Amino acid sequence: MENKNLENTVGSHVTFKSFCNLLEKIIQIDETPQHARKTGKIEEKKNLVRKFIEYWRQTAKAHNLDDNFYPVMRLLLPHDDDRVYGLKETKLAKYLIEALCIGSKTEDALKLLNYRAPTKIKSEGDFAGTAFFILKNRCRDDLTLNMDEINHHLDQIAVSNAKGKDGQKQVNTSIKHLLLNLSAIQLKWLIRIIIKDLKIGIKETAILDAFHPDALDVYNFTSSIEKVCSMLNDPEKRYNELGVQVGSACRPMLGEKAKPNKIEELLGGRQFYIETKFDGERFQMHKIGNKFMYFSRNGYDYTETFGEDIHSGSLTPFIFSALSKEATNLILDGEMCAYNSKEKLLLSKGDDIDVKSARKYDSIQTCFCVFDILLFNDTVLTNRPLKERVEFIRKCCSEIEGRIQYSVQQKALSNQQVVDALNKAIDSRLEGIVVKDPESVYKPSQRGGGWYKVKPDYMAGLNDDLDLIVLGGYYGSGKRGGLISHFLVGLLVDQEGDDEVKKFCSLCKIGSGYTHKELLEYNYKLAEKWKKFEKKSAPVHLELGNEKPDLWIEPKDSIIVQVKAVEVNASEKYKPGCTLRFPRLEKFRPDKQWFECMKLSEFDELRNKNSGK
Ligand code: ATP
C-alpha cells in the first residue's frame with residue numbers, strides 16, 4: 001500500500017502522542033475518587049472522547065481538511081477494525097528484544113517472553129504494561145509519529161501479513177519503524193491496538209454514543225465503523241434525516257411482527273394508532289416543483305409508469321390537483337394499490353394484478369394510499385413524531401377516491417381494541433392491520449422503530465385446515481353491495497342411518513382469504529341457487545345459533561371451502577356453541593363433493609386436540 005497524501009489529511013497534523021494522552025486520561029478516571037468527579041466514570045470518559053473529537057474537527061477546520069474521524073475511531077475501537085496483524089504477545093516480544101537490542105538472555109527479555117508469570121511489577125499478566133516498564137528507560141520520550149503514519153504502518157503490517165511468508169520482510173520493516181520512533185508509553189498503547197484490546201474500561205457502545213447518538217444504530221445496521229464515521233460525520237444531522245432529499249430514493253421504514261395480545265406491553269401502555277394494512281406495493285412519491293418521481297421499496301425508479309408530470313403516466317395526471325400548491329417539494333410514503341373503479345374497491349395482491357401495469361386491465365386503476373411523509377418543502381420530517389407527520393399529510397394533500405387516499409389513524413389503548421380491529425380487518429377481507437407508536441420517528445430502512453404489523457398468521461393457529469360447507473350467504477354492504485360477500489359455513493351433523501336427510505350446523509361467518517376475482521366467480525356459479533332466508537320457514541336440514549344468514553343454499557348445490565383459523569372460541573351465535581377465531585378461506589374446493597365436508601364429531605376431535613395449546 002502506498003503512503004499517499006499523508007500530509008494532506010487531518011491525521012498528519014495530529015500526533016499519536018496526543019491520542020495516547022487521551023487514553024491515559026481515560027484510564028486515570030478509574031483512579032479518581034468518586035467525590036473528585038463531576039459525573040459517573042463512563043460519562044467522564046465519554047466527555048474526554050468528545051473533547052478529542054472536537055480537537056480533531058478543529059484541527060481539520062484550521063487546515064481546511066476533511067474531518068472524518070475514522071482514522072481515530074479504528075484505533076479507539078481496535079476490536080472492530082478489520083485489519084488483521086497476525087501478531088500476538090510472544091511475537092511482539094521478539095520484535096521488541098531485537099529492535100531495542102535487549103540481550104536475549106537478560107532478565108528484561110525473559111520478562112517480556114514470560115509476561116504471564118507473576119513478577120513484582122504491578123502489571124503482571126498484561127503484556128503491554130510489562131513492555132512499558134521495560135521500555136521506559138530504553139526509549140526516548142520526545143519521539144512520536146502522527147496519526148496517519150501510525151495508520152499507514154498498521155495498514156502495511158495487515159496487508160503484508162495477509163501475504164504470508166512473502167510479506168514478512170515488510171512486516172519487519174514497519175514494526176521496527178514503529179518501535180524505534182515512539183516513546184515507551186506510546187508503545188504500550190500501540191501494542192494494545194495491535195492486540196486489539198485497549199483495556200480502557202469503556203465499552204464500544206459508549207464510545208460510539210460519544211461520537212454520535214445514532215452511531216450504535218448505524219453500526220448495528222452496517223457492522224462497519226468506517227460507515228458510521230462517514231454517514232454520521234455531521235454531528236448536527238440525525239441518522240433518520242440523512243439521505244432524505246427529493247429526487248433520490250430513501251429506504252422505507254418497516255414494521256415488526258407482533259401479536260395482538262402483546263401491543264399494550266410493546267407500547268408501554270401508551271395510546272397508539274391502528275391503521276389499515278393496505279395490500280399493494282410499497283412506493284415513495286417525490287414531488288419536485290411540477291415534476292414527479294416514484295420509487296419502489298428497493299429504490300427502482302418507476303416514474304415512467306406512474307408519470308413524470310400532469311401529462312404522463314397512470315397516476316400523476318389524476319392526483320396532481322389533490323396536492324396543495326404550497327407543497328413545492330414533497331416525499332410521500334405509501335402503498336400503491338390496484339383499485340377497481342366499477343366495483344369501487346381496493347383490490348389485494350391476491351387478485352393477481354400488477355399495480356405497475358394497472359392500465360392494461362379493464363376498470364382497474366392505480367390508487368396511492370399515503371401513510372407517511374418524509375419531507376415537506378425544505379423541511380425533513382423524519383425526526384418529527386408520527387403524530388406530527390400525519391398532520392402534514394393532511395395539510396399537503398386531499399383525497400380523490402380511487403386515486404389518492406390517506407391512511408386513517410384510529411386511536412387505541414388496549415389489546416382488545418387491537419383484536420377487534422384485526423377481526424374487522426379480516427372481516428373486510430384484509431390480511432391484517434398496522435399498529436404505530438404516535439411518538440415514533442421515521443427510521444429509514446429500519447424495522448422495529450415503533451411500527452407493528454399484526455396478522456392472524458403470527459398467531460399459533462389450529463393444526464389442521466377444516467373443509468367446511470357453505471350453508472348461507474350475506475349481501476355485501478357499501479363497496480361490495482349487490483354481491484354475496486361473506487359466507488356462513490358449517491359442518492355435517494353425524495347421523496346413524498344413511499337414509500335420513502343430512503343435517504348441517506353453522507360454525508362461522510367467513511369473509512376473507514379469497515380474491516375479488518374468486519368472489520365474482522362463485523357469485524356467478526351459485527347465483528341461481530340462493531334462497532331468501534326467513535326465520536319462520538327456515539330449512540329443516542339447517543341447525544343454526546343466533547347468527548342467521550340473508551340467504552341459504554341447498555347443500556347438494558353448494559361448495560366446500562378449505563378454512564384456516566387461529567383457534568376455537570365459545571360463541572352462542574353458532575350451533576355447536578363455539579366458532580372459529582380469524583377464519584380465512586384458503587381455497588374453494590370444487591373437487592370435493594358436498595357431503596365430504598367435515599363432520600361435527602371430527603370437529604370436536606380437532607377442538608379437543610387443540611384445547612391444550
Ligand atoms: P416487510 O415490508 O415488513 O419487509 P412484507 O413485504 O412481507 O414485509 P408485510 O409483512 O405483508 O410485507 O407488511 C409490511 C408492509 O405493509 C409494509 O412494508 C408496507 O408496504 C405495507 N403497509 C400497508 N399498509 C401500511 C400502513 N398503513 N403503514 C405501514 N405499512 C403499510
Side-chain angles (χ1 to χ4, degrees), residues 221 240 249-260 262-263 266-267 272-285 294-300 302 306 331-339 345-356 366-374 381-382 384-394 397 399 404-412 417-418 421-422 424-426 428-459 512-513 515 564 582 584:
F221 174 59
N240 56 356
C250 163
R251 288 205 159 252
M253 173 158 174
L254 300 171
E256 204 178 333
K257 288 181 185 174
K259 292 184 179 162
K262 293 280 172 210
I263 295 296
L266 287 167
L267 274 296
F272 51 85
Y273 292 156
I274 298 177
E275 290 187 26
T276 297
K277 187 169 187 304
F278 299 102
D279 195 10
E281 265 187 63
R282 187 77 175 264
F283 265 91
Q284 233 168 60
M285 188 208 83
Y294 296 87
F295 297 103
S296 71
R297 172 182 172 151
N298 292 327
Y300 295 121
Y302 280 93
F306 298 114
I331 303 181
L332 297 178
D333 184 12
E335 197 86 348
M336 207 59 92
C337 298
Y339 178 86
L345 60 98
L346 287 170
L347 300 179
S348 65
K349 274 199 278 259
D351 284 300
D352 218 14
I353 292 199
D354 180 2
V355 71
K356 300 186 288 305
T366 312
C367 179
F368 188 38
C369 302
V370 183
F371 49 72
D372 220 312
I373 180 165
L374 280 61
L381 299 174
T382 43
R384 306 273 183 104
L386 178 63
K387 62 181 184 204
E388 275 181 37
R389 300 202 303 278
V390 295
E391 297 300 320
F392 272 95
I393 299 179
R394 277 149 185 76
C397 78
E399 294 185 293
I404 185 163
Q405 65 178 76
Y406 32 73
S407 190
V408 175
Q409 288 73 34
Q410 180 204 330
K411 290 179 182 154
Q417 283 168 298
V418 178
L422 184 59
K424 212 165 140 206
I426 300 303
S428 311
R429 312 194 45 236
L430 294 165
E431 58 165 359
I433 52 173
V434 183
V435 169
K436 294 181 182 173
D437 182 349
E439 302 299 330
S440 58
V441 296
Y442 191 101
K443 296 191 171 173
S445 78
Q446 286 200 39
R447 200 183 285 286
W451 289 15
Y452 303 95
K453 39 187 195 185
V454 185
K455 297 193 217 173
D457 316 13
Y458 307 153
M459 300 159 89
S512 82
T515 64
K564 207 180 190 59
F582 300 129
R584 270 156 305 138

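What you are looking at is a predicted structure, and each value in this text was computed from that prediction instead of being measured. Both ligands and their constituent atoms are indexed starting at 1 by order of listing.
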Centroid-centroid under 6.0 Å between Phe283 and Phe295 rings: no

Atoms in ligand 1 flagged as close to [X], the criterion being non-hydrogen separation under 4.0 Å:
| X | result |
| --- | --- |
| Arg447 | 1 (P), 3 (O), 4 (O) |
| Lys453 | 1 (P), 3 (O), 8 (O), 9 (P), 10 (O), 13 (O), 14 (C) |
| Lys455 | 9 (P), 10 (O), 11 (O) |
| Glu431 | 11 (O) |
| Trp451 | 29 (C) |
| Ser407 | 27 (N) |

Are any of the heavy atoms in [X] under 4.0 Å away from ligand 1?
| X | answer |
| --- | --- |
| Glu281 | no |
| Met253 | no |
| Arg297 | yes |

Shortest non-hydrogen contact between Leu422 and Ile433, atoms and distance: N-CD1, 4.0 Å

Nearest atoms (heavy-atom pairs only) where Asp279 meets Glu335: C-OE2, 4.2 Å

Counting heavy atoms only, which part of [X] comes closer than 4.0 Å to ligand 1: side chain, backbone, both or neither?
| X | result |
| --- | --- |
| Glu335 | side chain |
| Phe371 | side chain |
| Asp279 | neither |
| Lys257 | neither |

Criterion side-chain hydrogen bond (donor to acceptor under 3.5 Å, both in side chains) on Tyr452 and Asp437, from CA distance to verdict: CA-CA 9 Å; Tyr452 303 95; Asp437 182 349; over 6 Å; no

Under 3.5 Å: donor-acceptor pair, side chain of Arg389, backbone of Arg384: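 Yes, Arg389 side chain to Arg384 backbone: donor-acceptor pair under 3.5 Å.
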
Cys250 backbone acceptor or donor facing Gln284 side chain under 3.5 Å: yes

Residue pair Tyr300 / Tyr294, side-chain heavy-atom distance below 4.5 Å: no

Pair Glu399-Gln405, side-chain donor/acceptor within less than 3.5 Å: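 No, no side-chain donor-acceptor pair sits under 3.5 Å.
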
Nitrogen or oxygen atoms of Phe278 and ligand 1 under 3.5 Å apart: yes

Within 6.0 angstrom of Lys262 NZ, more than 12 heavy atoms from elsewhere: no

